[in-house]
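Report on one structure; see the data block that follows.
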Amino acid sequence: LEEDGMVGDDLMGDAMADGGVEDSSKKSPGAVLWDLTRPLVGPVAKLELLKFDGESDARTAFWHSSAHMLGEALEKLWGCRLTIGPPLKGGFYYDCYMGASGAFREEDYKPVEELVQKIAKQKQKFERLVVTKAEALELFAGNPFKEQIIRTKIPDGTRTTVYKCGDLVDLCRGPHVSHTGKVKAFAATRHSATQWLGDTDNDSLQRMYGISFPDKKMLKVWKENQEKAKARDHRRIAQAQSLIMFHDLSPGSAFWLPHGTRIYNTLINFIKDQYWKRGFTEVITPNIYNLDLWHQSGHAKHYKDAMFCFDVEGQEFAMKPMNCPGHCLMFGGSLRSYKELPIRTADFGVLHRNELSGALSGLTRVRRFQQDDGHIFCREDQVEEEVLGSLEFMKFVYNTFGMTYKLELSTRPKKALGEGELWDRAEAALARAMDAFVGRENWKENPGDGAFYGPKIDIKVMDAMDRVHQCATIQLDFQLPIRFDLKYKTDGKVKGEDWARPVMVHRAMLGSVERMFAVLCEHYGGKWPLWLSPRQVSIIPVHKDWNDYCSKVRDRLYEERFHVDVDLSRATFQKKVRNAQIAQYNFQLVVGENEVNNGTVNIRTRENEVKGEMKVDEMVAMLKKMRDTYEK
């Protein structure tokens with residue numbers, strides 16, 4: 001492979017990782033994605049043909065090829081300087097430099113789509129070429145962005161690969177589809193501004209996103225799903241329901257309005273209630289630490305650019321981006337015995353990460369957030385039981401939300417730290433826990449995709465639109481206990497065996513509360529279940545004579561901690577009912593003369609289903625049962 005130009009820095013790796021695209025070599029160590037038209041090199045133990053429908057790697061290659069077609073179209077239409085064009089989890093984009101005043105507009109989409117369709121009809125072949133660094137610089141002379149990539153990413157004396165299709169030649173590792181005719185359907189989806197290499201001090205670039213498919217029907221279905229998703233967009237719903245707001249004076253940090261705060265607090269209390277039942281102890285840790293902590297934990301080396309750092313009396317401090325090092329300090333602050341383990345620590349501390357302004361997106365990418373962060377310190381022989389307990393916790397949470405999930409065991413990566421035998425035992429413990437939880441046939445292995453510090457269970461949850469989200473996580477960590485010299489007294493009597501290192505289990509059920517809020521907002525389409533709803537009951541008098549009775553019913557519900565309002569406006573009865581349904585009150589309680597005389601209310605749902613008259617005490621009991629059992 002080295003002679004064939006396959007070895008060297010991955011020029012697209014960073015961009016693909018930012019787009020959520022997994023490296024196939026991690027999933028299957030030793031496996032190499034290969035162009036279908038390229039001759040095989042060396043002995044081949046296994047050959048697998050990948051299809052667009054069933055394999056993420058196939059979609060990645062297909063969308064990568066489509067990005068080249070998009071780049072060719074942009075270059076022809078605007079004469080712009082192309083930079084990078086990676087595949088994403090759901091499509092692709094291409095960044096280009098159009099000069100200081102150049103910018104895309106929505107009306108540019110149609111000519112781009114027409115030219116890409118023309119490129120597809122031409123069935124241009126994707127040709128792979130191996131070039132030296134000098135040859136690459138000559139090929140891309142005049143494009144300072146490509147020149148910078150070549151100079152900084154390709155070591156002297158080595159080679160790299162480029163791909164040619166039509167008039168476009170581009171730096172690329174491949175592989176690609178055989179020719180552009182494989183792309184039967186293409187759409188430009190959106191555009192934005194960005195900066196070269198994500199640095200605000202660099203040149204401003206224009207980015208155009210696209211999607212493509214091997215069948216026109218697939219594009220039609222995709223567009224229909226996009227319209228559904230647009231209607232469920234958490235940013236639109238949050239604005240319509242007055243849940244959150246953002247302000248330029250604190251970008252990436254949500255202002256939680258009263259009704260949004262109700263949902264936020266309910267989610268946290270939902271988890272806290274389970275903490276009480278599942279043996280977790282809550283702690284509160286500082287928001288600001290000396291950067292020495294992050295050097296000790298190893299996070300400064302990898303995450304410092306994403307941390308808010310500042311000077312305090314000549315020393316560097318930072319806002320915490322995660323809780324685990326602080327929990328290690330707490331564990332190490334006392335002498336520990338094997339009898340104390342497991343210690344299950346939970347923390348809703350506020351976290352800050354310095355995301356680039358261009359990457360901020362509603363509540364899914366923010367700078368200030370909280371996690372239902374938990375860390376379990378346990379003996380090695382307790383790992384299986386603790387992981388199984390975490391899986392049961394996860395099942396309860398997502399069953400309550402009405403979401404399904406899939407499990408994957410991500411095992412030892414190439415850059416794993418620690419002894420191989422320890423990894424083997426840990427992976428076996430995770431596998432046994434997953435077998436006991438769902439059965440061996442109901443989870444799959446993800447070889448080589450574990451974290452460098454330990455294996456993990458990837459939990460992929462599906463929402464009402466069958467979109468996949470990764471929110472919950474269960475990870476083993478061997479390295480932080482070593483870095484912080486954590487240990488506990490064993491029951492061993494032999495010198496050298498009287499102390500041992502705990503295993504650390506990182507686990508979160510919601511993950512970021514902000515992101516889970518966004519996921520649930522779109523999952524429910526703004527129709528919050530009663531237990532989570534910020535507007536549970538609207539009481540509607542049919543005449544002002546019954547306002548006092550309505551106020552008494554409101555007080556009764558308020559005492560039971562329901563979010564309840566009385567509509568005392570001058571709107572018509574029909575308008576009041578409609579307003580309550582649009583505002584997504586779960587129930588409207590209609591009150592007229594009969595209800596006042598009978599000590600009842602007349603119940604309607606937000607779907608305008610009339611449930612009829614019910615005694616106030618019975619109504620309260622019904623609502624309490626629905627709320628306390630998380631009825632959907």
With no hydrogens and no angle check, is any side-chain donor or acceptor of [X] less than 3.5 Å from a backbone partner on [Y]?
X      : Y      : answer
Tyr338 : Trp499 : no
Glu408 : Ile457 : no
Asn446 : Asp449 : no
Thr490 : Glu497 : yes
Arg262 : Ser533 : no
Arg556 : Glu559 : no
Arg365 : Leu360 : no
His234 : Leu363 : yes
Ser361 : Thr364 : no
Asp372 : Gly511 : yes

If you take all heavy atoms of Tyr398 and Met509, which pair is closest and at what distance?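 Minimum heavy-atom separation between Tyr398 and Met509: OH-O, 2.6 Å.
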Hey, mind stepping through Glu631 and Lys625 against salt bridge (Lys or Arg N to Asp or Glu O under 4.0 Å) and telling me if it holds? CA-CA 8 Å; Glu631 188 173 325; Lys625 181 180 178 182; over 6 Å; no
For the atom pair [atom1] ([X]) and [atom2] ([Y]), what is the distance rounded to the nearest 0.5 Å?
X      : Y      : atom1 : atom2 : value
Cys378 : Leu341 : SG    : CG    : 7.5 Å
Thr605 : Asn586 : OG1   : CG    : 9.5 Å
Ile271 : Thr266 : CD1   : OG1   : 12.0 Å
Glu392 : Met394 : CD    : CE    : 8.5 Å
Leu407 : Phe437 : CG    : CZ    : 6.0 Å
Asp491 : Ser337 : CG    : OG    : 8.5 Å

Under the 6.0 Å and 45° cation-pi test, does [X] pair with [Y]?
X      : Y      : answer
Arg606 : Phe587 : no
Arg278 : Trp276 : no
Arg336 : Phe331 : yes

Among Thr261, Leu257, Ile263, exactly one meets side-chain contact (heavy atoms from CB on, under 4.5 Å) together with Leu243. Which residue is that? Ile263
Counting C-beta onward and ignoring hydrogens, is there a side-chain heavy-atom pair between [X] and [Y] closer than 4.5 Å?
X      : Y      : answer
Trp256 : Phe517 : yes
Phe270 : Tyr630 : yes
Tyr289 : Trp294 : yes
Lys320 : Leu351 : yes
Tyr524 : Leu532 : yes
Asp477 : Val503 : no
Gln241 : His259 : no

Would you mind telling me which of Arg235, Arg236, Arg232, Arg467 makes a side-chain hydrogen bond (donor to acceptor under 3.5 Å, both in side chains) with Glu522? Arg467
Answer yes or no: are there more than 12 heavy-atom neighbours, outside [X] itself, under 6.0 Å from its atom [atom1]?
X      : atom1 : answer
Glu419 : CD    : no
Tyr303 : OH    : no
Lys624 : NZ    : no
Phe310 : CZ    : yes
Gln239 : CD    : no

Is any NZ, NE, NH1 or NH2 atom of the basic residue among [X] and [Y] found under 4.0 Å from an Asp or Glu carboxylate oxygen of the other?
X      : Y      : value
Glu386 : Arg344 : yes
Arg368 : Glu514 : yes
Asp458 : Lys456 : yes
Arg367 : Glu355 : no

Kindly assign one of parallel, tilted or perpendicular to the pair Phe348 and Tyr275, based on the angle between their ring planes and the thresholds 30° and 60°.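 Correct class here is tilted.
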Taking the six-membered ring for Trp, are Phe478 and Trp423 parallel (under 30°), tilted (30 to 60°) or perpendicular (over 60°)?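 Geometry flag for Trp423 against Phe478: perpendicular rings.
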In sequence, state the C-alpha distance, the side-chain angles, and the governing distance for Gln315 and Asn290, and then conclude on side chain to side chain donor-acceptor pair (under 3.5 Å). CA-CA 7 Å; Gln315 297 188 63; Asn290 189 301; 2.9 Å; yes
Can you check whether Trp443 and Tyr405 have ring centres sitting under 6.0 Å from each other?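 No: the rings miss the under 6.0 Å criterion.
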